[in-house]
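These figures come from a predicted structure and were not determined experimentally. Chain A is the first sequence line, chain B the second, and so forth, proteins listed ahead of strands; every chain is numbered from 1. Only heavy atoms go into these numbers, but all of them, side chains included; no hydrogens, no water, no symmetry mates.
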Amino acid sequence: MTTIKIKPPEIFNYEECLWFLDRGFDDCLHQINKNTITKALKIQNNLFLVSIRYEGTLLSIQILQGNPSAKEGELIKSYISQWFDLYTDLEKFYKIANKDPVLKPLIKKYWGLRLIGIEDLFEALCWAIIGQQINLSFAYKTKRALVENYGRTIEHNGTSHYLFPTPDTLSNCSVEALKKLQFSRNKAQYLISLAKDFRDGIISKDQLMALDSKENMLTRLTNLKGVGAWTANYAMMKCLKIPTAFPIQDVGLHNALKQQLGLKEKPTLESIQQLAKNWKNWEGYATLYLWRSLV
DNA sequence: CGCCAGGCTTAGG
DNA sequence: CCTAAGCATGGC
């Protein structure tokens, strides 16, 4: 069996990353057993099942199914590294966070937490759309229904491991079929329309990564039906890894700030913009650590 | 007639 | 340009 080792940067806490993957919600796209993460991946159109553990000072990736070539092994390594956002220099974030009264206690408490990404842009946007304006438990429930109905699976030791449905598959769904999975008519239409846009190459991660500014990305993303400022920033944060992506309208962010600052009401957008001046160039990580503070 | 959830679009001022 | 209504359902 193939095993791949990854040496994480100095600022890294596996337990904190694990927390984000296992924070009480029922995510169907990975499984956690004690300290081991199991996840199905598609690399260059081949499916692999991997398990991830932290041993000593290394991330240890075992390939449970699939037989990766040398190149595919490298791609898996790269995928996992990006999934855990290991390439970001958190030292810089901690330096500015240390001067900020809101973030200072959080970076101490949650030291080593990294942004667990959603590497596939289609999946990231679908997930953001699914989660709009509903509670997270219900969002995970409907995501599971979607994935179990339309995603590919890898069977291993009697357990099914799912991949997120492809644009091709979802573009052939009917609104009525998705409504049966408890999506609203609007969301069903957004998801199908998004799937068609990806299928037809109107949008892709590569296209966006080739753009030179966050503003251009935002425009391209918000031109998609169902994608507003919050969804676009969420996707830029979780998938495109833009450090300045900032879902400032996020309810969770508002609640976290209210709690951290001891406010009676949720902060206004203007007051958040004021606070965020201290977070310049690290708005995404500031948001992540504030989300983390919500118990 | 309960209000808020990791919002967005469209219609109407 | 700005505001309001509608969307669907679950949890508290």
Rounded to whole Å, the CG-C1' distance (A/Asp26 to C/dG10) equals 15 Å
When all nucleic acid strands are considered with a 4.0 Å heavy-atom cut-off, which category describes A/Tyr234: base, sugar-phosphate, or nothing?
base
With a non-hydrogen cut-off below 4.0 angstrom, is A/Ala128 in contact with a base, only sugar-phosphate, or nothing?
nothing
Group every Ile, Leu, Val, Met, Phe, Trp and Tyr by side-chain heavy-atom contacts under 4.5 Å, then state whether A/Leu49 and A/Leu59 land in the same group.
no
Does A/Arg144 pair with A/Asp26 as a salt bridge, N-O distance under 4.0 Å?
yes
Decide, yes or no, whether a salt bridge links A/Lys5 with A/Glu55 under the criterion of side-chain N to carboxylate O below 4.0 Å.
yes
Report yes if a side-chain nitrogen or oxygen of A/Gln182 is closer than 4.0 Å to either non-bridging phosphate oxygen (OP1 or OP2) of C/dG10; otherwise report no.
yes
Below 4.0 angstrom, N of the basic side chain to O of the carboxylate: do A/Lys205 and A/Glu123 qualify?
no
Test item: side-chain donor near acceptor, A/Asn216 and A/Ser213, under 3.5 Å:
yes
Give a yes/no verdict on a cation-pi contact between A/Lys39 and A/Trp83, requiring under 6.0 Å between NZ or CZ and the six-membered ring centre and an angle within 45° of the axis.
yes
What's the NZ-P distance between A/Lys179 and C/dC7, to the nearest Å?
10 Å
CZ of A/Phe25 versus P of C/dG11: gap in Å, rounded?
11 Å
C1' atoms of C/dC7 and B/dC3, separation to the nearest Å:
16 Å
Would you indicate what A/Lys238 reaches in the nucleic acid, counting non-hydrogen atoms under 4.0 angstrom: base, sugar-phosphate, or nothing?
nothing
Would A/Arg23 count as a cation-pi partner of A/Phe20, with NZ or CZ less than 6.0 Å from the six-membered ring centre and within 45° of the ring normal?
yes
What's the CD-C1' distance between A/Gln132 and C/dT9, to the nearest Å?
15 Å
Select base, sugar-phosphate, or nothing to describe what A/Thr142 touches, counting heavy atoms under 4.0 Å on all strands.
nothing
Classify the nucleic acid contact of A/Lys225 as base, sugar-phosphate or nothing, counting any heavy atom under 4.0 Å across all strands shown.
sugar-phosphate
When all nucleic acid strands are considered with a 4.0 Å heavy-atom cut-off, which category describes A/Leu224: base, sugar-phosphate, or nothing?
sugar-phosphate
In whole Å, measure the gap between the P atoms of B/dC1 and C/dG6 for me.
14 Å
Reading DNA chain C from 5' onward, which residue's closest nucleotide shows up sooner: A/Ser137 or A/Ser184?
A/Ser184
Considering only NZ, NE, NH1 and NH2 on the basic side and carboxylate oxygens on the acidic side, decide whether A/Arg114 and A/Glu16 come within less than 4.0 Å.
no
Check the distance between C/dT9's C1' and A/Lys180's NZ and give it to me in whole angstrom.
18 Å
Bounds of contact between DNA chain B and chain A, in 5' to 3' order, using a heavy-atom cut-off under 4.0 Å
B/dA5 to B/dT10
5'-most by nearest nucleotide on DNA chain B - A/Thr222 or A/Tyr140
A/Tyr140
Relative to the 5' end of DNA chain B, which residue comes earlier, A/Arg23 or A/Asn223, by the nucleotide with the nearest heavy atom?
A/Arg23
Can you tell me how far P in B/dC4 sits from the matching atom in C/dA5, rounded to whole Å?
15 Å
